[in-house]
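Report on one structure; see the data block that follows.
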Amino acid sequence: MWEQFVDYSNICGESAWKYLSEILPKEKCCLFFNQIECRKAYLFKNGRDLCDVIGETYNCEVYVTDCQGTYIICFNHEMILTGCGRAKKWIDEKINENLC
């Protein structure tokens, strides 16, 4: 699915998923996986709780969005954190923060 993203930003690296707890708003979010592997979505009360679960996965393609679908973030098997919609700005800001 992430291969189809059009307007996006990336952060690369094995631990890039850890940025999720910093960039996600403190609101409910949904975690889902590649539809071929799993057709269910899981609701979390915030990004911190979600990151606790992602930290226990290995080499797994995960997607995060809000209930309104205003953003989508993917951390894929190539260890790239990609954000679209509102998340593109959050990732751009994190990149700029790390450059300073």
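For clarity, every value in this text was computed on a predicted model and none was experimentally measured. Hydrogens, waters and symmetry mates are skipped; everything else that's a heavy atom, side chains included, is used.
For the pair W17 and C51, the tightest heavy-atom approach, listed with the atom from each and the gap, is CZ3-O, 3.4 Å. Nearest heavy atom pair, residue G13 against residue F75, reads O-CE1, 3.7 Å. Nearest approach of R86 to D66, heavy atoms of both residues: NH1-OD2, 3.5 Å. Counting all heavy atoms, side chain and backbone alike, I73 lies closest to A87 at CG1-CB, 3.4 Å. Residues E61 and H77 approach most closely at OE1-ND1, 3.6 Å, considering heavy atoms.
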(request) Carefully, step by step, assess Y63 and L31 under the rule side chain to side chain contact (heavy atoms under 4.5 Å, CB included). (result) CA-CA 6 Å; Y63 295 87; L31 170 71; over 6 Å; no

(message) Could you go through R48 and S21, starting from their C-alpha distance and side-chain angles, then the distance that decides it, and tell me whether this counts as side chain to side chain donor-acceptor pair (under 3.5 Å)?
(response) CA-CA 5 Å; R48 177 167 290 192; S21 66; 5.6 Å; no

(request) Show the numbers, then the answer: is there a side chain to side chain contact (heavy atoms under 4.5 Å, CB included) between I11 and I80? (result) CA-CA 6 Å; I11 297 176; I80 300 171; over 6 Å; no

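From C84, atom SG reaches atom NZ of K89 across 16.0 Å, with rounding to the nearest 0.5 Å. From I91, atom CD1 reaches atom CG of N10 across 7.0 Å, with rounding to the nearest 0.5 Å. Expressed to the nearest 0.5 Å, how far SG of C67 lies from CG of L43 amounts to 5.5 Å. Here NZ of K40 is found 15.0 Å from SG of C30. Values are rounded to the nearest 0.5 Å. Note that SG of C12 and CG of L81 are 9.0 Å apart. Values are rounded to the nearest 0.5 Å. The CD atom of E27 sits 15.0 Å away from atom CZ of F44, with the distance rounded to the nearest 0.5 Å.
No side-chain heavy atom of V62 sits under 4.5 Å from any side-chain heavy atom of F32. Side-chain contact between N46 and L24 is absent, with no heavy-atom pair separated by less than 4.5 Å.
The aromatic ring centroids of Y71 and W90 lie less than 6.0 Å from each other.
Every residue two or more places apart in sequence or in another chain that forms a salt bridge (Lys or Arg N to Asp or Glu O under 4.0 Å) with D92 is listed here: K88.
Heavy atoms of other residues, nucleotides or ligands lying less than 6.0 angstrom from OH of Y19 number 12 at most.
Note on ring orientation: taking the six-membered ring where Trp is involved, the planes of F33 and Y42 are perpendicular (angle over 60°, cut-offs 30° and 60°).
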